[in-house]
Q: 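Okay, handing you the structure first.
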Amino acid sequence: MDYEKRLWLSIVEKELKIMASEGSVEAELAPLTLQKPPKEEMGDLAFPLFAYAKLFKTAPEKIALELKKRIENNGNYPKEELLVFGGYLNVKVDLNFVANRLIENVIREKENFGNGELYKNKRIMVEFSCPNTNKPLHLGHLRNDAIGQSISSILKANGAEVLKVNLINNRGIHICKSMLAYQMTSEGETPASSGIKGDHLVGKYYVRFNELEKEDPTIIIKAQQMLKKWEEGDVETLKLWQQMNDWTMEGLKETYEKTAVEFDYYFYESETYALGKDKVLQGLKEGIFYREKDGSIWIDLEDIGLDKKVLLRSDGTSLYLTQDIGTAIERHNMWPFDSQIYVVASEQSYHFKVLFHVLEKLGYHWAKDLHHLAYGMVNLPDGKMKSREGTVVDADDLIEQLTLLAIGEIKEKEREAEIENVNNTAQAIALGALNYYLLQVNPFKDMIFNPDESISFNGNTGPYLQYMGARISSMIRKFSSQEKEFENVSVKVELLNLAEERSLIKLASEFPLVVQQAAEELNPSIISTYLYDLSRLFSRYYHDYPILKAPSKELIKARYTLVKVILQVFRNSYALLGIPFLESM
RNA sequence: GCGCCAAUAGCUCAGUUGGAUAGAGCAACAGCCUUCUAAGCUGUGGGUCAGAGGUUCGAAUCCUCUUUGGCGUACCA
């Protein structure tokens with residue numbers, strides 16, 4: 001449709017200009033807007049003409065009629081049907097061209113159909129997930145992962161070279177808390193001895209610290225001492241830290257595998273904080289920062305309308321900000337990027353504002369290429385997730401539950417015989433449900449995670465989308481057994497003239513634009529909405545009209561070809577959203 | 001207090017960047033399986049787009065104010 005849009009924009013614009021000069025209208029013409037009519041019967045392109053009424057001193061409808069007449073009488077223009085509705089001039093384009101081009105493109109590009117060149121030759125680093133090594137992943141991380149993973153795929157689809165990086169928060173006062181509690185109360189428990197997954201075991205001691213702190217509030221001092229020791233390289237402390245760290249990482253990686261989250265590179269704060277410290281001290285020498293009497297180092301943010309911010313503690317240890325400074329610099333040294341996107345909760349908007357400013361002050365010109373993709377919180381129907389009240393939704397638990405439900409569903413529908421591996425299929429369904437649920441909502445908005453709704457597989461859900469792909473796949477299997485009979489039947493797109501077919505052709509042709517828009521706005525939910533619209537349209541079409549049992553061989557071939565195109569668009573959309581494609585379910 | 005963000009059907013969310021009668025899913029009710037997978041399809045009911053002004057031929061969309069909610073404003077991360 002892209003071609004048709006440009007063509008008709010230029011035609012209508014040209015005729016408007018001619019009308020203006022004939023009516024000796026001096027003023028500049030408002031830019032012409034192109035829209036989509038609300039209904040299929042109203043054509044495919046719409047030009048609202050209200051903006052010109054004043055200029056031409058004519059009713060918009062009359063302008064539309066005049067344009068229609070002029071265009072129809074001009075032999076140089078393509079002969080398409082023009083319709084006037086009120087102040088709109090609508091065009092019903094010859095969809096045969098659109099359909100042929102769509103089929104050609106999809107056959108040629110296959111899994112690359114929809115890809116564009118918006119970010120060609122651009123290197124974009126995407127940071128996401130960034131767990132602490134003191135507890136297992138929860139629902140908030142799952143949203144982060146889903147967005148990070150999807151955004152990376154979307155940027156790649158737009159031609160960018162993407163490096164997905166994870167930054168492990170494996171140092172700091174919070175890590176020392178779980179270490180201290182472990183030291184005090186564990187009696188040498190290990191994942192092997194307890195049978196508890198490593199990240200959950202460490203998490204158990206992080207929770208225990210809070211309990212210990214209630215009994216003895218001074219315990220925090222011990223944790224602070226431990227951090228000091230850690231930064232000084234104390235052997236015993238480092239040994240415990242390494243061990244607990246390994247346990248957590250093993251557990252986290254298991255969860256990543258289950259959720260199909262992958263990274264190209266891992267950074268560890270334990271390895272980057274020192275550089276941050278150096279840079280802060282360097283900035284102090286250069287007079288960018290200043291030192292308080294107690295020895296702490298600060299930056300004054302008055303020039304960007306903010307307060308003062310501490311960069312290094314009075315005892316010399318690093319802060320969150322310190323290590324992020326080091327990490328950013330190291331990253332740019334390692335892999336000079338055109339842009340870096342931090343997928344981090346919106347609560348940290350202030351932190352990133354400061355971070356980017358500090359880097360700019362330190363003279364890094366690429367600080368302007370850093371971008372914080374701030375996503376909203378995940379709340380429960382009753383309110384916030386609170387670890388103290390035990391309302392945090394654990395990632396492993398949730399996936400487990402969803403998988404069990406999917407197994408139950410498969411059994412209830414008696415699909416076991418049709419499915420190769422029930423467990424794998426159930427896991428794929430669970431993952432599809434989860435990722436789609438999380439990516440339906442615009443990232444920057446807070447969202448409510450309703451457990452009951454998230455485990456429903458009906459309606460606007462991941463499994464509904466997967467189901468479309470599975471049914472088409474089933475159709476394709478059926479067709480392949482009789483494919484030879486259709487070898488010599490040519491594809492006649494002009495047979496696809498139902499309103500539903502026209503809508504499908506148009507919507508499928510829009511896919512590349514949707515992929516581009518999702519990248520421009522860093523918003524996977526644009527793909528979700530599109531995919532759901534396409535699914536509903538297709539679902540109705542295929543419910544109402546026979547494909548393989550259409551009345552003639554030619555019609556079967558034409559409809560079958562369209563269905564295959566739709567499947568490719570489905571599959572490419574799934575890939576961008578982390579919804580596994582299933583041949584059968 | 002100051003800063004950032006949000007508010008659309010009972011609930012969860014869309015809304016083509018200012019256009020035609022504001023749409024889906026869930027929940028409720030009523031239909032459709034000897035038929036390409038019923039994880040589906042169809043229909044009914046449900047709206048002061050938080051409120052008030054303003055800009056405009058036209059506002060859920062842009063501006064101002066108000067209300068309500070969230071987040072931030074840590075030598076936590």
Side-chain angles (χ1 to χ4, degrees), chain A residues 33 35-39 42 46 48 50-54 59-60 85-88 90 130 132 134 169 172-175 224 269 292 294-298 305-307 309-315 317 319-321 323-324 345-351 353 374 376-377 379 381 384 406 409-410 412-413 415 418 429 437 440-442 444-450 452-454 456-468 470-479 510 513-514 517 521 525-526 528-530 532-533 536 539-540 542-550 560 563 584-585:
Chain A
T33 53
Q35 286 166 344
K36 205 161 98 184
K39 281 183 186 166
M42 297 170 91
F50 307 94
Y52 308 102
K54 212 179 244 177
F85 293 92
Y88 293 90
N90 291 8
C130 304
N132 293 331
N134 60 356
N169 292 291
I173 190 75
H174 56 297
I175 302 298
Q224 282 162 353
E269 287 193 348
E292 281 287 348
D294 62 1
S296 54
I297 299 176
W298 296 72
L306 298 174
D307 210 353
K309 189 84 191 170
V310 68
L311 299 174
L312 211 56
R313 290 195 186 96
S314 49
D315 68 358
T317 57
L319 290 129
Y320 180 37
L321 192 56
Q323 46 213 27
D324 256 6
S346 56
E347 324 166 88
Q348 297 190 28
S349 295
Y350 182 82
H351 167 79
K353 214 172 179 178
M377 310 214 313
N379 295 318
K384 270 189 88 162
E409 204 80 4
I410 290 166
E412 195 182 310
K413 294 181 200 311
R415 297 288 306 162
E418 318 282 335
I429 292 169
Y437 191 91
Q440 254 179 76
V441 183
N442 196 322
F444 78 85
K445 283 193 175 178
D446 285 351
M447 67 179 285
I448 291 177
F449 180 87
N450 185 327
D452 295 334
E453 202 177 289
S454 77
S456 156
F457 295 156
N458 301 324
N460 188 358
T461 63
Y464 168 76
L465 302 169
Q466 289 172 311
Y467 180 62
M468 293 302 132
R471 288 189 78 170
I472 297 177
S473 302
S474 161
M475 209 185 290
I476 289 172
R477 283 195 295 275
K478 290 216 164 89
F479 183 82
E510 299 277 321
L513 281 173
V514 172
Q517 199 195 344
E521 297 181 22
S525 77
I526 289 172
S528 311
T529 305
Y530 171 82
Y532 181 64
D533 285 345
R536 267 190 346 123
S539 194
R540 199 179 316 142
Y542 126 116
H543 178 269
D544 291 350
Y545 301 97
I547 313 292
L548 301 182
K549 291 176 184 169
Y560 176 72
V563 166
S584 73
M585 65 185 278

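As a basis for the values below, the full set of heavy atoms in this structure was taken, side chains included, without hydrogen atoms, waters or symmetry mates.
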Q: Measure the distance from CD1 on A/I526 to P on B/rG15 and round it to the nearest whole Å.
A: 7 Å
Q: Using atom CG of A/D307 as one end and atom C1' of B/rG3 as the other, report the distance to the nearest whole Å.
A: 12 Å
Q: Expressed in angstrom and rounded to an integer, what is the separation of A/K384 atom NZ from B/rG72 atom P?
A: 6 Å
Q: Angle between ring planes, A/Y437 versus A/F449, binned at 30° and 60°: parallel, tilted or perpendicular?
A: perpendicular
Q: So what does A/M447 touch, heavy atoms closer than 4.0 Å: a base, only the sugar-phosphate, or nothing?
A: sugar-phosphate
Q: What does A/F479 touch in the nucleic acid at a heavy-atom separation under 4.0 angstrom: a base, only the sugar-phosphate, or nothing?
A: nothing
Q: Please pick, from B/rA20, B/rA39, B/rC36, the nucleotide with the shortest atom-to-atom distance to any side-chain atom of A/K478.
A: B/rC36
Q: Rounding to an integer number of Å, can you tell me how far A/Y467 OH sits from B/rG40 P?
A: 7 Å
Q: Among B/rA77, B/rG25, B/rC13, which nucleotide sits nearest the side chain of A/Y532?
A: B/rG25
Q: Looking across every strand, which nucleic acid part, if any, lies under 4.0 Å from A/I175 by heavy atom: base, sugar-phosphate, or nothing?
A: nothing
Q: First locate atom CG of A/L311, then atom CG of A/L319, and finally report the distance between them rounded to the nearest 0.5 Å.
A: 8.0 Å
Q: At under 4.0 Å between heavy atoms, what does A/N442 touch on the DNA or RNA strands: base, sugar-phosphate, or nothing?
A: sugar-phosphate
Q: What contact category does A/S539 fall into here, base, sugar-phosphate, or nothing, at under 4.0 angstrom with non-hydrogen atoms?
A: sugar-phosphate
Q: By nearest atom, which of the nucleotides B/rU37, B/rA39, B/rG25 is closest to the A/S474 side chain?
A: B/rU37
Q: Using whole Å, report how far NZ of A/K309 lies from C1' of B/rA74.
A: 7 Å
Q: May I ask you to say what A/I173 touches in the nucleic acid, namely base, sugar-phosphate or nothing, with a heavy-atom cut-off under 4.0 Å?
A: sugar-phosphate
Q: Measuring from A/K413:NZ to A/F457:CZ, what's the distance to the nearest 0.5 Å?
A: 9.5 Å
Q: Report which part of the nucleic acid A/Y437 touches: base, sugar-phosphate, or nothing (heavy-atom distance under 4.0 Å, all strands).
A: nothing
Q: Applying a 4.0 Å non-hydrogen cut-off, can you work out what A/A470 is touching in the nucleic acid: base, sugar-phosphate, or nothing?
A: base
Q: Looking at every strand, decide which applies to A/S349 at a 4.0 Å heavy-atom threshold: base, sugar-phosphate, or nothing.
A: nothing
Q: May I ask you to evaluate whether A/K549 reaches the phosphate of B/rC36, defined as a side-chain N or O under 4.0 Å from OP1 or OP2?
A: no
Q: Does B/rC11 adopt a syn or an anti glycosidic conformation, taking syn as a chi angle within 90° of 0?
A: anti
Q: Indicate whether OP1 or OP2 belonging to B/rU42 is found under 4.0 Å from a side-chain N or O atom of A/R540.
A: yes
Q: Can you find an N or O donor on one side and an acceptor on the other, under 3.5 Å apart, linking the side chain of A/K39 with the base of B/rU21?
A: yes
Q: What is the separation between atom CG on A/D452 and atom P on B/rC26, rounded to the nearest whole Å?
A: 15 Å
Q: With a 3.5 angstrom cut-off on both distances, give the Watson-Crick or G-U wobble partner of B/rU44, or none if there isn't one.
A: B/rA28
Q: Paired with B/rC57: which nucleotide, if any, by Watson-Crick or G-U wobble criteria at under 3.5 Å for both distances?
A: B/rG19
Q: Taking A/N132 for its side chain and A/N134 for its backbone only, find out whether a donor-acceptor pair lies under 3.5 Å.
A: no
Q: To the nearest 0.5 Å, what is the distance between CD1 (A/I472) and OH (A/Y560)?
A: 10.5 Å
Q: Does a nitrogen or oxygen in the side chain of A/N458 sit under 4.0 Å from OP1 or OP2 of B/rC26?
A: no
Q: Which part of the nucleic acid does A/S584 contact within heavy-atom distance under 4.0 Å: base, sugar-phosphate only, or nothing?
A: base
Q: Checking all strands, does A/I547 fall into the base, sugar-phosphate, or nothing category for heavy-atom contacts under 4.0 angstrom?
A: base
Q: Counting N and O atoms only, with roles assigned by atom type, does the side chain of A/N379 sit under 3.5 Å from a partner on the main chain of A/I448, one being a donor and the other an acceptor?
A: no
Q: Reckon A/Y350 touches a base, only the sugar-phosphate, or nothing at all at heavy-atom distances under 4.0 Å?
A: sugar-phosphate
Q: Within the distance-only criterion (no hydrogens, no angle test), does the side chain of A/R415 pair as donor or acceptor with the backbone N or O of A/I410 below 3.5 angstrom?
A: no
Q: Provide the Watson-Crick or G-U wobble partner of B/rU34, both distances under 3.5 Å; none if there is no partner.
A: none
Q: Scan A/Y464 against the nucleic acid and name what it touches under 4.0 Å (heavy atoms): base, sugar-phosphate only, or nothing.
A: sugar-phosphate
Q: Who does B/rG3 pair with, Watson-Crick or G-U, both distances under 3.5 Å?
A: B/rC71
Q: So A/E347, base contact, sugar-phosphate only, or nothing? Heavy-atom distance under 4.0 Å.
A: sugar-phosphate
Q: Establish, with yes or no, whether the OP1 or OP2 oxygen of B/rC5 is under 4.0 angstrom from a side-chain nitrogen or oxygen of A/S346.
A: no
Q: Search all heavy atoms of A/S346 against all heavy atoms of A/S349 and return the closest pair with its distance.
A: O-OG, 2.8 Å
Q: Can you tell me how far P of B/rG25 sits from CZ of A/F449, to the nearest Å?
A: 21 Å
Q: Can you measure A/L465 atom CG to B/rG40 atom C1' for me and round it to whole angstrom units?
A: 13 Å
Q: Any side-chain N or O of A/K445 below 4.0 angstrom from OP1/OP2 of B/rA6?
A: no
